Number of protein chains: 2
Amino acid sequence: MSARPANPHLASEIISATAAIVEERGPEGVTMREVARRIGYSPTSIYLHFANKDELLDQTVNRAYEWFADEIESRQTGTSAVERIRQGAHAYLAWGLANPGMYRLMFEWGYLGDISPDAIFARRRSWRRNRQIVELGIEQGVFDRSLDSAVATDVMWVAMHGLTSLAISGRMYGNPNMVAADEVDRRAHALADALADGWLADWTATSPL
Amino acid sequence: MSARPANPHLASEIISATAAIVEERGPEGVTMREVARRIGYSPTSIYLHFANKDELLDQTVNRAYEWFADEIESRQTGTSAVERIRQGAHAYLAWGLANPGMYRLMFEWGYLGDISPDAIFARRRSWRRNRQIVELGIEQGVFDRSLDSAVATDVMWVAMHGLTSLAISGRMYGNPNMVAADEVDRRAHALADALADGWLADWTATSPL
DNA sequence: CGTCATTGTAAACGGTGTTAAGTTTCGGAA
DNA sequence: TTCCGAAACTTAACACCGTTTACAATGACG
């Protein structure tokens with residue numbers, strides 16, 4: 001078996017160090033040498049736990065997906081579908097604004113073929129829960145029965161991703177040199193409310209059951 | 001003046017070569033050495049025309065913004081605001097799907113502080129034209145007079161960016177290894193229609209003037 | 001006809017991901 | 001108790017990257 005006792009948590013520590021760099025310097029700031037420096041090992045040691053940098057980033061992102069999904073879920077405390085949709089929208093945006101580096105790594109990094117099945121599965125977790133909320137609204141009679149819950153879920157997702165992506169990148173309300181971060185936050189959250197208002201107005205059942 | 005006659009179009013050729021690489025290999029595939037190889041000069045020569053790689057990418061992106069804006073404008077042939085909004089949505093998505101590498105460079109690349117004022121100005125061109133279309137709809141009496149045209153414009157932009165970004169990245173309908181490209185196109189365009197339907201339903205004036 | 005700014009290059013620097021080869025360490029069999 | 005071998009870990013190197021420095025070639029102009 002193992003002739004030399006290794007640190008059993010080393011793989012986990014490597015991922016934590018990587019996640020820290022992603023937030024401090026962005027996805028482009030991650031280098032194998034910097035990760036090694038932080039964990040106190042040589043760069044080559046990382047390759048004992050991860051095949052290459054892509055796999056390291058992949059596992060880092062998969063852990064973040066679970067954190068992201070759990071965080072949003074924990075904020076959806078309301079009992080009605082309407083409440084949960086609004087809470088989900090603000091939680092999604094808030095997480096992205098608080099973790100911009102990780103958000104970019106999760107949703108805007110790498111080539112199409114580089115996404116692992118695990119990551120795709122993790123990403124779909126939130127989608128399925130959102131769809132359940134839409135269907136809850138249909139059951140509760142607040143959304144029209146003709147509403148396609150899959151399309152409605154996609155509508156919510158693309159709008160929230162677009163808002164978060166543009167707000168993070170500085171391409172929507174200007175970069176930090178021009179507009180203060182809290183001003184961007186305020187305007188982005190106001191737009192999240194406008195989006196939620198639009199969905200609810202659009203999907204509301206004209207005649208309650 | 002110039003003692004040695006230089007190629008007067010070299011700067012433009014450098015940008016063209018860069019744009020070609022962006023589409024073939026993505027923004028991460030651009031290297032000064034590869035650009036130099038394609039134009040038949042040494043890497044050092046690029047620095048006679050651009051201060052560094054960031055400035056080269058910046059000018060490449062600025063040229064693309066104009067192309068992008070012109071392309072969308074040329075597709076908005078309808079006379080009514082309703083027509084133009086739907087045409088604009090499909091044109092936006094189609095351009096992104098046809099030029100995914102450039103789209104990523106334009107909207108998802110680099111740090112917040114790296115965006116030049118020129119690029120910000122170019123990006124706002126489309127936004128202002130979209131707002132004019134919304135206001136045209138208000139004047140035409142098809143949109144409610146209480147509609148905030150700035151908010152409505154942001155709503156359209158974030159939704160179309162989110163849809164395009166996710167469709168390009170393979171994170172929405174699966175990557176090319178799983179789902180054929182034309183299937184992604186079809187579903188994305190269907191969602192663009194759903195988005196347009198939602199906006200129009202939401203903004204329609206309840207009592208026409 | 002020589003001056004000299006302009007155009008262009010080769011070579012190098014410190015950085016990157018990754019690999020090949022070597023060293024250290026220790027559980028467990030003899 | 002010794003010592004073998006496998007696992008853990010490192011050093012040195014490779015080819016690549018963006019960028020800079022030093023240098024050579026060119027040709028318009030005084």
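As the structure is a computational prediction, the values presented were derived from the model and not from experiment. First the proteins, then the strands, lettered A, B, ... as listed; each starts at 1.
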For A:Trp127 and A:Asp154, does a side-chain donor sit closer than 3.5 Å to a side-chain acceptor?
->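 Result is yes, a qualifying pair exists.
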Using distance alone, with no hydrogens and no angle criterion, decide if B:Arg63 and B:Ser16 have a side-chain donor and acceptor under 3.5 Å apart.
-> yes
Spacing of [X] atom [atom1] relative to [N] atom [atom2], expressed in whole Å:
X: A:Asp54; N: C:dT16; atom1: CG; atom2: P; answer: 17 Å
X: A:Glu28; N: D:dG18; atom1: CD; atom2: P; answer: 15 Å
X: B:Lys53; N: D:dC17; atom1: NZ; atom2: C1'; answer: 8 Å
X: A:Tyr47; N: C:dT18; atom1: OH; atom2: P; answer: 4 Å
X: A:Leu48; N: C:dT18; atom1: CG; atom2: P; answer: 14 Å
X: A:Asn52; N: C:dT16; atom1: CG; atom2: P; answer: 17 Å
X: A:Ile14; N: D:dC9; atom1: CD1; atom2: C1'; answer: 12 Å
X: B:Phe50; N: D:dT20; atom1: CZ; atom2: C1'; answer: 19 Å

Quick one: the side chain of B:Arg33 and the base of D:dG18, do they pair up donor-acceptor inside 3.5 Å?
->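 Side chain to base: pair present.
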Could you check whether B:Ser45 gets within reach of a base, just the sugar-phosphate, or nothing at all, counting any heavy atom under 4.0 Å?
-> base
Base, sugar-phosphate, or nothing: which does A:Val35 touch, judged by heavy atoms less than 4.0 Å apart?
-> nothing
5' precedence on DNA chain C between B:Leu10 and A:Arg37 (nearest-nucleotide basis) =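 Residue closer to the 5' terminus by nearest nucleotide: B:Leu10.
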Counting just side-chain N and O atoms, does B:Thr44 come under 4.0 Å of either OP1 or OP2 of C:dG8?
->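 So the side-chain polar atoms of B:Thr44 never come under 4.0 Å of the phosphate oxygens OP1 or OP2 of C:dG8.
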Could you tell me whether the side chain of B:Ser169 and the main chain of B:Leu166 form a donor-acceptor pair under 3.5 Å?
->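 Side chain of B:Ser169 to backbone of B:Leu166, a donor-acceptor pair under 3.5 Å: yes, one is there.
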Would you say the side-chain atoms of A:Tyr65 pair up with the backbone N or O of A:Met106, donor to acceptor, closer than 3.5 Å?
->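 Answer holds: yes.
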What nucleotide among D:dT19, D:dT10, C:dT18 has an atom nearest to a side-chain atom of A:Ser42?
-> D:dT10
Any idea which heavy atoms bring A:Met102 and A:Glu23 closest together, and the distance?
-> N-OE2, 2.7 Å
